[in-house]
Each structure stands twice: as C-alpha cells, then as structure tokens.
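Quick note on labels: first sequence line is chain A, next is B, and so on, each numbered from 1.
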There are 2 protein chains.
Amino acid sequence: MKIGELASATSTKVETVRYYEKIGLLAPPARTSANYRAYGNEHLARLSFIRRARDLGFTLEAVRELLTLSDDKAQSCDAVDSIARVHLADIERKISDLAALRAELDRVIGSCRKGTVEDCKIIETLGPKDVRA
Amino acid sequence: MKIGELASATSTKVETVRYYEKIGLLAPPARTSANYRAYGNEHLARLSFIRRARDLGFTLEAVRELLTLSDDKAQSCDAVDSIARVHLADIERKISDLAALRAELDRVIGSCRKGTVEDCKIIETLGPKDVRA
DNA sequence: TCTACACCCTGTAGCAACTACAGGGTCAAG
DNA sequence: CTTGACCCTGTAGTTGCTACAGGGTGTAGA
C-alpha cells in the first residue's frame, strides 16, 4: 500500500502520516525500489488506532502510551483505564469551563443595545473595572 | 509603572506583555534612562481589556478587531456584537463536540472489565473495525 | 515516443499563543 | 561592595499538524 492509499483509508493526510513516522508513532515501512513507502496491514491497523484515539481527543503523548500498553497483551488493563479516566476528567473540565464562558458571553451579548460603541455594553464589559484611561 | 507591576496588576506574565507589544497589540511604552519600559494607565486599561477578552476566549485576532472598534466611539455597536456572536457560536460548537466526546469516552471506560490488555474493551474500541494485523 | 499529470520524496517554515531560556544590564538594601 | 530581584534582547521550544519548494516516478493518452 502506498502512502496515499493508507492516508485515504484512514482519513488522514499524507503529510500527517509522514509526521507520525517522524515522531516515532508509526513504524517506518519498507521502501519500494523507487523509494516509495510500502505499507502493510499492520500499519493500517496501527494508524487506525492512532486516528481513533485522536478522534477521542487523546493527545499524541497519550496515544503513544496507549500504543505501548496495547502491545503488551498480558498486562493489566488498569493503566489503560487510568489514561482514559484522566482524559475524561480533562474533557469534563473543559466542558464546564466553556459552559461558564458561554454563560458570560450570553450575558454580555444580551446587554447590547445596538447603539454606538460609545455606550456599547460589550466593550464596557471588556474594559477595566476601576481604571479609566 | 514597570513591566513587572503591569504584569502582576493584570495577572499576565512579563513575557506575555512583551509578546503583545511585539505583535502590535499593546503600544510600545516610553522608556526610562535604563531602557526599562515605563507604562501609564492607558496601557493598564488596554492590557486589562485584552486579558478580559482573552479570558472570554476571544482569539488575539478578534481582540485586535475589538480594540480597533472600541477606539471608534461613534461607530455602531453592530460589528462588536457580530464578533461576539460568532465567538459564541464557536463556543457552542466546541461544547457540543466535547459533550459527544465525553459520551463516547464514558461508554468506552464503562466497558472496561479490569482484565488484561488482551481483552481490554478500551483498546479493542480503539482498534480498527475490519483489519486485524 | 513524447508528454502531461498524479503521485511520491526530503526538508523546512508556518500556524496560535504563548513560555522558557541564554546572556547580559540596573538598582536598592544590607 | 555584593547579593538578589528585577529589567533588556533575541531565539528556540511547545502541540499537532499543514503547506510549501524543489525535486523524482509511473502511467495513460496523442
């Protein structure tokens, strides 16, 4: 399989595949006589794994750990579970941060009276509390 | 006011203040004889504005626009409102993306039976659908 | 056979928004 | 007079790609 085929089979860009190889996430494949990368099914499986983990929002560092763990079939699943839970907690924190942000932004936008910038409540909100320059 | 004072007054790092100056977001202040940056209240106000907008999740590009708009007091507030609304939509999209992610991750984690990696449902979920390498 | 075109290669630079040095200078206190 | 906290410039690192530039390869049609 050439890089373009692998890429489209995994909805990845060709550059990204090469990038994963460069950072050691995807093993360097064999080369053809023309120096083209020749991938096998093991690469396809590996890259699919990476893509799915990325789609779930895992960082590349977490993906790297998950890949290492997944290679040791006899090992306990605890470490995997732990990585996933940490990631979940992270996502939950982000969601609540964004929810707070939305509430605040809702409030700010709601206060807009469509006048001039002079008495724009949005700009006013952004301005400093005490200092008026 | 020296840069350290300005920074701590706005909960910003010194490097970030210099960075904002470098990218033209914060006007270069006067210098002391020792070549130290000497800030006035107008800088404090400006940086406070930037920080608040950033805290609300506006990109630096959006902040730049908001600053330009806020300087033209006679102008209609529409453009400001529009920037804020686009940003709100963006936040809402992010929230729903993350909520979907959380649901999926919840499902994956819930399936963990605490066995070995061999039959770990999390790893299995990440693996490819059809291809087994 | 020529040539156009899609694909492949390497290597480097760019994006956002900072952060972290390295290698210096300045200033007030003890 | 020295210690330590601050200041300066400039550059490189972070994450996860993406986008060239400047080449080589392979195949299909005229």
A/Phe58 atom CZ is separated from D/dT15 atom P, nearest whole Å, by 17 Å
For atom NZ of B/Lys13 and atom C1' of D/dT14, their distance in whole Å | 13 Å
Between B/Lys2 and B/Glu5, is there a side-chain N and carboxylate O pair less than 4.0 Å apart?
-> no
Taking the side chain as every heavy atom from C-beta outward, state whether B/Met1 and B/His43 have any pair of such atoms under 4.5 Å apart.
-> no
Between C/dT19 (P) and B/Tyr20 (OH): distance, integer Å = 8 Å
Rounded to whole angstrom units, what separation is found between the CG atom of B/Asn35 and the P atom of D/dT9?
-> 6 Å
Would you mind checking if A/Arg102 and A/Asp97 are paired as a salt bridge, meaning a charged N to carboxylate O distance below 4.0 Å?
-> no
Out of C/dT19, C/dA17, C/dT10, which has the shortest distance to the side chain of B/Thr59?
-> C/dA17
Thinking salt bridges, do B/Glu61 and B/Arg64 make one under a 4.0 Å N-O criterion?
-> yes
Could you state the atom-to-atom distance from CG of B/Leu6 to P of D/dC8 in whole Å?
-> 11 Å
Nearest of D/dT18, D/dC7, C/dT19 to any side-chain atom of B/Val14?
-> D/dC7
From the candidates C/dC8, C/dT19, C/dT12, the one with an atom nearest any side-chain atom of A/Lys22 is C/dT12
Of all the nucleotides listed (C/dC18, C/dA20, D/dC17), which has the minimum atom distance to the side chain of A/Arg51?
-> D/dC17
Calculate the interatomic distance between B/Glu21 atom CD and D/dC7 atom P; express it in whole Å.
-> 14 Å
By nearest-nucleotide position on DNA chain C, the 5'-leaning member of A/Ile3 and B/Ser33 is A/Ile3
Looking at the side chain of A/Arg37, which of D/dC8, D/dA19, C/dC9 is the nearest nucleotide?
-> C/dC9
Can you tell me the distance, in whole Å, between the CD atom of A/Glu61 and the P atom of D/dG16?
-> 8 Å
Closest to the side chain of B/Thr16, out of D/dT25, C/dT19, D/dT18, is C/dT19
Picking from D/dG16, D/dC8, C/dC9, which would you name as closest to the side chain of A/Tyr36?
-> C/dC9
Would you mind telling me which residue lines up with the more 5' stretch of DNA chain D, A/Arg54 or B/Glu5, judged by nearest nucleotide?
-> B/Glu5
Which one, C/dA20, C/dC9, D/dC8, comes nearest to the side chain of A/Arg31?
-> C/dC9
Where each residue is assigned the nucleotide of DNA chain C containing its nearest heavy atom, which of A/Glu15 and B/Tyr19 is assigned the position nearer the 5′ end?
-> A/Glu15
May I ask you to decide if B/Arg46's main-chain N or O and B/Ser48's side chain share a donor-acceptor pair within less than 3.5 Å?
-> no
If you check the B/Arg18 side chain, which of D/dC8, C/dC9, C/dC27 turns out closest?
-> D/dC8
Touch class at under 4.0 angstrom, heavy-atom based, for B/Ile23 against every strand present = nothing
Is there side-chain contact between A/Glu21 and A/Pro29, with at least one heavy-atom pair below 4.5 Å?
-> yes
Closest to the A/Leu60 side chain: D/dC7, D/dC17, C/dA17?
-> D/dC17
